[in-house]
2 protein chains.
Amino acid sequence: MHPATGLPVVAMVGGGQLSRMTHQAAVALGQSLRVLATGSTESAALVAADVQLGDHRDLDALLRLAEGATVLTFDHEHVPTGHLQTLVDAGHRVAPGPGALVHAQDKLVLRRALAAAGEPQPAWAEVADADAVAAFAGRTGWPVVLKTPRGGYDGRGVFVVHDREQAEALVGQHGTLLAEERVAMVRELAVQVARSPFGQVALWPVVQTVQRDGVCNEVLVPAPDLDEDLSAAAQELAIRIADRLGVVGLLAVELFQTEQGVLVNELAMRPHNSGHWSIEGARTSQFEQHLRAVLDYPLGSTAMTAPVVVMANVLGGDAAEDDWAGPVLDERVHHFMAHWPDVKLHWYGKGQRRGRKLGHVTALGTDLAEVRARAVAAARYLADGVVDPAFAFPDGH
Amino acid sequence: MHPATGLPVVAMVGGGQLSRMTHQAAVALGQSLRVLATGSTESAALVAADVQLGDHRDLDALLRLAEGATVLTFDHEHVPTGHLQTLVDAGHRVAPGPGALVHAQDKLVLRRALAAAGEPQPAWAEVADADAVAAFAGRTGWPVVLKTPRGGYDGRGVFVVHDREQAEALVGQHGTLLAEERVAMVRELAVQVARSPFGQVALWPVVQTVQRDGVCNEVLVPAPDLDEDLSAAAQELAIRIADRLGVVGLLAVELFQTEQGVLVNELAMRPHNSGHWSIEGARTSQFEQHLRAVLDYPLGSTAMTAPVVVMANVLGGDAAEDDWAGPVLDERVHHFMAHWPDVKLHWYGKGQRRGRKLGHVTALGTDLAEVRARAVAAARYLADGVVDPAFAFPDGH
């Protein structure tokens, strides 16, 4: 408990935008998020009162962070599993616990667990040499998707190989890899579920995620034209996984939708890009819900606040280039607000770099095409300083 | 501009809950509010990264706060007007400026300005002795309301006197006072308007405020059963006042509704308790709008997100007593969340004291009686630890 407020203290490993937005949610609950950041200008470190500087691979830094905190949680999956076990053994509450989190840290561990549970997933194999990849391709056909089991995110650590030679180079470089069939997918979906230690779960509607170059670009809520049975099946799948793995906090289940149903792509056990829409779009945001869940507070209503919500990421674009002569950020924000008075901005305070997630915008309404056009145009303007006249004023205002 | 983010820095005088909630809004805009607090456990100091400790009556503290900030603004009206002028003369942007703010600081200055503008207000007089009060009562009848021109808030500095003797005691104690007729009012209303330096204004719907012992207890949005013409008149009145006084930022106009129309009670030039509902209830909250306005950013949409919104304050109640044996705060929050999964909590992190504003809750829906019952019951439970069975589950969940 915090001595001044009598309310719990949640410590979060990582100073990125997830931590930043979790702090915003903590403020409403009477709390202040304790943040472990690697530098004082990290996204969350710029806005939180209780910041410790240190590395998430440094056990001493983690022990200091946990000291006096009610529970320790994460804005990324990169803390060594052994360190987490040490924290638990020292009596600290860690949520999600190491036994659950490893399934979001290690893609091979996830594949084995899903196989043991009989849950739908792409054909896969653990491969340590090119022969094994070729044998796998003999069953599924080329190309094959090779993934590093640990450390990948936003498309990093994911490779599409078309023949034995490409496979050989990768295995030589990375060692043991996860091989997966390239799924003939209709689209990508995601389900967010929150689970408390008590076992209470709360679900938001199934969303469609739209990727560009392996990075999430847009999230459409609810996933348009999704069959009701398939939606229910995806949600039930997410609950089963959360229960079986003993997840505490937020779980995002990323799914491939195929003609036959859904297959599990990967998991994140924290607030996730596919849930940012919930800040304005749901009665309880994923950030508040994550805090509630890790504290074993009862979970909040996930009812949507509008029929259609679209979140669009602002990925570093032309404006991130050194020789760019367009309007500076503050000017772009100014024009963004003038053009789109009802689109909500979330800017992360990070340095601009091409392809980097710098912020996101959320639009709400009733007509998907209109709402999506508004969100995408606004995000593109913030990234590139370009107003596309076809998108700028889709609803005439 | 902040060196790490390239975005502006707003400095706010005062570390209370208004500053705390303004910081939350700043985070979304890529900013971090700079806060002048009198202590490190003040509401906003507990959650903001950029906190300076100092007194708002100390000119040096104000000058340090303004150094490097884009604009300086306020979470209360208590900064000496002379200090503000010194800041302006030193080249700092102050919003609202001293010439506007004095109308929220000094009730006599406000009465004179409204009289000069011909705006509707209660009958009033400046009184320096009991004879003057008695002469005023000869026109309006007893009782007479006496107010200290400066420093009052939440009912403090407001006295109802029933005869010459009572008036004499007060004038002897306080010196020059504002005398006002006791208005035969139907109810109290408030209008929030934001105004930018450019002169852009944005209005939210007229709200009804429900007071208890001079302190705002509930805000009903929109004001139920308000005649459309009267609503428009109240909004036009707020715009005229904002323009005439040159307000920059948020202006809350508190009104008495009478059988004949509306009369101006007083002004606040900052985010105000009557606008807390807008965090969830409007597309742009008063806190975000205040930041936009003082920065001369274009203003955001004030569209409501639900047909009916009710905000209820949590005022320190039984649980604030030393000998109270009921559930501690964390336990009350726990039960609050279990009972009311769709009521939103805003807890300010302040020490509990009877009558003090400790937090507020917001409920949204379609039926005023249901929404109001939900909000009031939730706020009462947080304050008193009492679940009133008649209120607990008005909608059956």
Side-chain angles (χ1 to χ4, degrees), chain A residues 1-8 20-21 23-24 26-33 40-41 45-51 202 279-280 283-284 288 292 295-301 303 305-306 328-330 333-339 341-352 359 364, chain B residues 1-8 20-21 23-24 26-33 40-41 45-51 202 279-280 283-284 288 292 295-301 303 305-306 328-330 333-339 341-352 359 364:
Chain A
M1 293 295 152
H2 191 288
T5 63
L7 287 171
R20 183 181 175 108
M21 290 185 274
H23 177 56
Q24 271 186 298
V27 171
L29 302 184
Q31 306 170 28
S32 184
L33 192 71
S40 60
T41 60
L46 287 168
V47 299
D50 188 0
V51 178
I279 297 176
E280 292 90 5
R283 192 57 70 221
T284 306
E288 177 180 337
R292 288 179 180 233
L295 289 167
D296 211 5
Y297 276 154
L299 302 179
S301 163
T305 62
V328 299
L329 174 59
D330 185 51
V333 170
H334 203 282
H335 291 303
F336 158 84
M337 288 183 177
H339 280 304
D342 53 359
V343 175
K344 302 315 295 178
L345 176 67
H346 295 268
W347 198 258
Y348 307 151
K350 292 153 67 169
Q352 297 183 59
L364 301 96
Chain B
M1 292 295 152
H2 191 287
T5 63
L7 287 171
R20 181 180 175 107
M21 291 185 274
H23 177 56
Q24 272 187 297
V27 171
L29 302 183
Q31 306 171 29
S32 184
L33 191 71
S40 59
T41 59
L46 287 168
V47 300
D50 188 359
V51 177
I279 297 175
E280 292 90 4
R283 193 57 69 221
T284 306
E288 176 179 337
R292 288 180 179 231
L295 289 166
D296 211 5
Y297 277 153
L299 302 179
S301 163
T305 62
V328 298
L329 175 59
D330 185 51
V333 170
H334 204 282
H335 290 303
F336 159 82
M337 288 183 176
H339 280 304
D342 53 358
V343 175
K344 303 314 295 178
L345 176 67
H346 295 269
W347 197 257
Y348 307 151
K350 293 154 68 170
Q352 297 183 59
L364 301 96

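The structure displayed is predicted, hence computed values, not measured ones. Within every chain, numbering begins at 1; the chains are lettered A, B, ... in the order of the sequence lines, protein sequences first and strands thereafter. What you see below is based on every heavy atom in this structure, not just the backbone, and it leaves out hydrogens, waters and symmetry mates.
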Per-residue contact mode, [X] against chain B (heavy atom under 4.5 angstrom):
X: A:Leu299; result: backbone
X: A:Asp296; result: backbone
X: A:Gln31; result: backbone
X: A:Met21; result: neither
X: A:His23; result: side chain

Determine whether A:Val27 and B:Val47 make a side-chain contact, defined as any pair of heavy atoms from C-beta on separated by less than 4.5 Å.
yes

Do A:Leu364 and B:Arg283 touch side chain to side chain, with heavy atoms closer than 4.5 Å?
yes

Would B:Met337 and A:Leu29 count as a side-chain contact (heavy atoms from CB on, under 4.5 Å) here? Give the steps.
CA-CA 11 Å; B:Met337 288 183 176; A:Leu29 302 184; 3.8 Å; yes

Least distance between heavy atoms, B:Leu46 atom then A:Ser32 atom
O-OG, 2.9 Å

All heavy atoms of B:Ala45 vs all of A:Ala49, minimum pair found to be O-CB, 4.0 Å

Most contacts with chain B, counted as non-hydrogen pairs under 4.5 angstrom, among [options]:
options: A:Lys344, A:His2, A:Glu288; value: A:Lys344
options: A:Gly349, A:Ala202, A:Gly351, A:Pro3; value: A:Gly349
options: A:Lys350, A:Gln352, A:Arg20; value: A:Arg20

Among B:Val343, B:Leu7, B:Val51, B:Leu329, the residue with the most heavy-atom pairs under 4.5 Å to chain A is B:Leu7

Can you tell which of B:His335, B:Gln24, B:His346 has the highest number of heavy-atom pairs within less than 4.5 Å of chain A?
B:Gln24

dist B:Thr284:OG1 -> A:Leu345:CG (nearest 0.5 Å) comes out at 11.0 Å

[X] versus chain A, the contacting section by heavy-atom distance below 4.5 Å:
X: B:Thr305; result: backbone
X: B:Ile279; result: neither
X: B:Ala306; result: neither

Apply side-chain contact (heavy atoms from CB on, under 4.5 Å) to residues A:Met1 and B:Val328 and explain how you reach the verdict.
CA-CA 12 Å; A:Met1 293 295 152; B:Val328 298; over 6 Å; no

